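So the structure is just underneath, and the comments pick up after that.
Labels below follow one simple rule: chain letters A, B, ... track the order of the sequence lines, proteins then strands, and each chain is numbered from 1. Computed from a predicted structure; not experimentally measured.
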2 protein chains.
Amino acid sequence: MSDATARPPVRRRRMSRAERERQMLDVAETVFTERGYKATSMDEIAERCGVSKPMLYEYFGSKDGLLLACMSRVKAELLDVTQKAMAGAGSPREVLRRGMHAYFGFIDSHSRSFAMVLSEPLAAPPETAETIEATRRQQSTLIAGVLAVFAPSAPRAAIDAHTEIIIGACERLALWRTGRPDVSVADAAQYMTDFCWHGLSPYLDD
Amino acid sequence: MSDATARPPVRRRRMSRAERERQMLDVAETVFTERGYKATSMDEIAERCGVSKPMLYEYFGSKDGLLLACMSRVKAELLDVTQKAMAGAGSPREVLRRGMHAYFGFIDSHSRSFAMVLSEPLAAPPETAETIEATRRQQSTLIAGVLAVFAPSAPRAAIDAHTEIIIGACERLALWRTGRPDVSVADAAQYMTDFCWHGLSPYLDD
DNA sequence: GCAGTAACTTACTCGTAGTAGATTACGCGA
DNA sequence: TCGCGTAATCTACTACGAGTAAGTTACTGC
């Protein structure tokens with residue numbers, strides 16, 4: 001009866017490294033999403049993992065490191081989903097539309113509010129910022145690849161610039177959708193695709 | 001001789017509220033830019049103002065508040081510059097190009113690295129994030145207004161969406177330019193304008 | 001059963017955001 | 001020129017959270 005009375009029998013299983021790491025990432029992702037990066041304390045994440053703080057540091061080195069790990073995982077998943085969606089398409093335009101649809105759909109369903117964290121959180125030292133940029137670059141590479149295939153005649157600088165333009169536009173639009181439940185995933189994908197294809201010209205009256 | 005020996009005669013003038021506020025914002029902007037948001041301590045800003053920490057809190061309430069005030073000021077200036085640049089143009093396309101040019105030019109000359117702070121710093125509580133969004137919305141309103149004039153036939157939702165797309169693209173492109181000194185202000189403005197006008201279609205080979 | 005190691009903990013330090021309450025300098029009327 | 005009120009300012013704290021050093025426990029293979 002010694003444990004039943006004193007403390008609720010918190011099941012503190014030992015876990016393998018990989019198992020624990022995954023669990024920590026899951027918890028951290030949840031808490032960061034709930035509270036925001038700054039308002040989250042390492043102590044709280046540790047507690048909700050049923051583990052003590054130094055464990056987190058053992059695994060991720062720092063609070064920034066933990067956030068970074070979360071983001072890397074999510075971004076990798078996002079990249080994968082996007083890539084797969086694009087694979088099945090025929091026309092260039094369809095490739096783009098499907099990619100966009102997958103992108104917005106992922107952010108929407110997976111963790112709508114985590115999108116905030118994704119696009120905002122850097123209070124971080126420049127080093128961390130750079131790492132995040134690097135992750136983003138993967139996404140860029142995908143887009144840039146697509147553009148390069150579609151437009152082999154375009155100079156490199158133009159491709160890079162347009163890649164940044166498209167990524168920025170997507171991220172911002174995704175963020176905006178957070179407060180606009182009336183705009184569906186398909187709508188957003190359509191807006192982006194149309195805009196990429198013809199810009200504003202369809203709307204212009206002259 | 002009493003002050004000359006003991007301590008360097010730090011000129012600690014008293015200032016009026018408005019005067020001190022401006023000075024604090026100047027210093028804070030500089031330090032945030034130098035060190036990044038997180039790595040900057042309120043003590044350091046206070047010291048470089050020749051003032052003690054509680055003064056900063058008296059004026060801005062919190063570290064987030066101070067950052068926010070900096071950003072508001074810069075954004076207001078940016079908005080102003082952009083607006084003025086657009087005023088003098090004839091054709092719609094020229095309006096856009098001039099606006100873009102002013103935008104990138106401002107970020108470039110005024111505080112290239114502060115652009116990082118502008119687009120990153122939110123480790124802030126949601127409330128602060130919202131305030132920043134509100135500031136950004138001013139910029140949005142400008143763009144949306146322009147779009148509405150150019151394309152009176154477009155539905156409201158489309159205008160809003162395109163506004164977000166354009167803002168996101170601009171911010172991202174500005175950030176990207178930070179690491180690409182070879183891309184001039186004019187280049188960036190041109191990329192954005194062209195893309196807004198016709199999207200990718202000029203590059204597509206089909 | 002008994003190493004040996006890998007998972008895990010307790011119990012700290014240190015830096016920095018934020019605050020309570022005393023204090024000083026300046027403007028202004030007599 | 002002298003006080004006197006008030007606004008600007010300071011000293012001296014507390015609180016909390018990131019990060020760490022060094023020790024402790026539980027599985028794993030022999």
Side-chain angles (χ1 to χ4, degrees), chain A residues 2-3 6-7 9-25 27-28 31-32 34-70 121-128, chain B residues 2-3 6-25 27-28 31-32 34-70 121-125 127-128:
Chain A
S2 55
D3 17 316
R7 47 179 67 190
V10 223
R11 216 69 227 84
R12 297 202 162 200
R13 260 186 63 232
R14 266 181 189 211
M15 292 181 177
S16 74
R17 215 172 167 86
E19 202 179 357
R20 184 61 87 189
E21 180 171 324
R22 250 199 62 204
Q23 183 223 12
M24 284 171 170
L25 286 176
V27 170
V31 183
F32 281 145
E34 279 176 19
R35 291 237 199 301
Y37 178 72
K38 189 174 176 179
T40 301
S41 78
M42 292 297 265
D43 284 297
E44 178 173 359
I45 294 176
E47 194 185 346
R48 284 170 70 162
C49 286
V51 123
S52 68
K53 202 168 44 162
M55 280 283 92
L56 291 174
Y57 285 91
E58 167 85 23
Y59 279 69
F60 303 103
S62 68
K63 189 181 178 184
D64 286 332
L66 178 54
L67 175 67
L68 210 57
C70 286
L122 300 246
E127 180 230 311
T128 307
Chain B
S2 54
D3 21 316
R7 46 179 66 191
V10 220
R11 212 84 218 81
R12 296 203 164 201
R13 259 185 64 231
R14 263 177 193 213
M15 292 181 180
S16 74
R17 216 170 168 90
E19 202 180 356
R20 184 62 86 186
E21 181 173 322
R22 251 199 61 204
Q23 183 223 11
M24 283 172 172
L25 286 176
V27 171
V31 183
F32 281 144
E34 277 176 21
R35 290 239 197 298
Y37 177 73
K38 190 173 174 180
T40 300
S41 78
M42 292 297 266
D43 283 300
E44 177 172 359
I45 295 177
E47 194 186 347
R48 284 169 69 163
C49 286
V51 124
S52 70
K53 200 167 45 158
M55 280 284 91
L56 291 174
Y57 285 90
E58 167 85 22
Y59 278 69
F60 302 103
S62 68
K63 190 180 178 186
D64 286 332
L66 177 55
L67 175 66
L68 210 57
C70 287
L122 301 246
E127 179 231 311
T128 307

Integer-rounded Å distance: [N] [atom2] and [X] [atom1]:
| X | N | atom1 | atom2 | result |
| --- | --- | --- | --- | --- |
| Glu47(B) | dT16(C) | CD | P | 12 Å |
| Met15(A) | dT25(D) | CE | C1' | 17 Å |
| Ile45(B) | dT9(D) | CD1 | P | 16 Å |
| Phe60(B) | dT19(C) | CZ | C1' | 18 Å |
| Leu56(A) | dA7(C) | CG | P | 14 Å |
| Met55(B) | dG18(C) | CE | P | 16 Å |
| Glu58(A) | dC8(C) | CD | P | 10 Å |

Could you pull out the protein-nucleic contacts involving nucleotides 1-6 of chain C (nitrogen or oxygen on both sides, under 3.5 Å)?
none

Set of side chain to side chain contact (heavy atoms under 4.5 Å, CB included) partners for Tyr57(A), sequence neighbours left out:
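Applying side chain to side chain contact (heavy atoms under 4.5 Å, CB included) to Tyr57(A) gives Met42(A), Lys53(A).
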Pairs under 3.5 Å (N/O, protein and nucleotides 16-22 of chain D):
unit_1: dA18(D); atom_1: OP1; unit_2: Thr40(A); atom_2: O; d: 3.3
unit_1: dA18(D); atom_1: OP1; unit_2: Lys63(A); atom_2: NZ; d: 3.1
unit_1: dA18(D); atom_1: OP2; unit_2: Met42(A); atom_2: N; d: 3.0
unit_1: dA18(D); atom_1: N7; unit_2: Lys53(A); atom_2: NZ; d: 3.2
unit_1: dG19(D); atom_1: OP2; unit_2: Tyr57(A); atom_2: OH; d: 3.2
unit_1: dG19(D); atom_1: OP2; unit_2: Lys63(A); atom_2: N; d: 2.9
unit_1: dG19(D); atom_1: N7; unit_2: Lys53(A); atom_2: NZ; d: 2.9
unit_1: dG19(D); atom_1: O6; unit_2: Lys53(A); atom_2: NZ; d: 2.8

| request: Could you list the residues that satisfy salt bridge (Lys or Arg N to Asp or Glu O under 4.0 Å) with Arg17(A), not counting sequence neighbours? | output: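 In terms of salt bridge (Lys or Arg N to Asp or Glu O under 4.0 Å), with neighbours along the sequence ignored, Arg17(A) is linked to Glu58(A).
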**Stacked cation flag Lys63(B) on Tyr37(B), 6.0 angstrom / 45 deg** =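 Yes - Lys63(B) lies over the ring of Tyr37(B), closer than 6.0 Å to its centre and within 45° of its axis.
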(message) Under 4.0 Å from OP1 or OP2 of dT9(D): is there any side-chain N or O of Arg20(B) that close?
(response) yes
With a 4.5 Å limit on heavy-atom distance, are the side chains of [X] and [Y] in contact?
| X | Y | result |
| --- | --- | --- |
| Leu66(B) | Leu25(B) | yes |
| Val51(B) | Met24(B) | yes |
| Leu68(A) | Phe60(A) | no |

Requested in this report: Assess whether side chain to side chain contact (heavy atoms under 4.5 Å, CB included) is satisfied between Thr40(B) and Glu34(B), documenting all intermediate values.
Outcome: CA-CA 9 Å; Thr40(B) 300; Glu34(B) 277 176 21; over 6 Å; no
*Is Gln23(B) reaching over with its side chain to a backbone N or O of Cys49(B), donor-acceptor style, under 3.5 angstrom?*
yes
* Please list, chain by chain and in numerical order, all residues satisfying side-chain hydrogen bond (donor to acceptor under 3.5 Å, both in side chains) with Glu44(B), sequence neighbours excluded. =>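 Listed in chain order: Arg35(B), Arg48(B).
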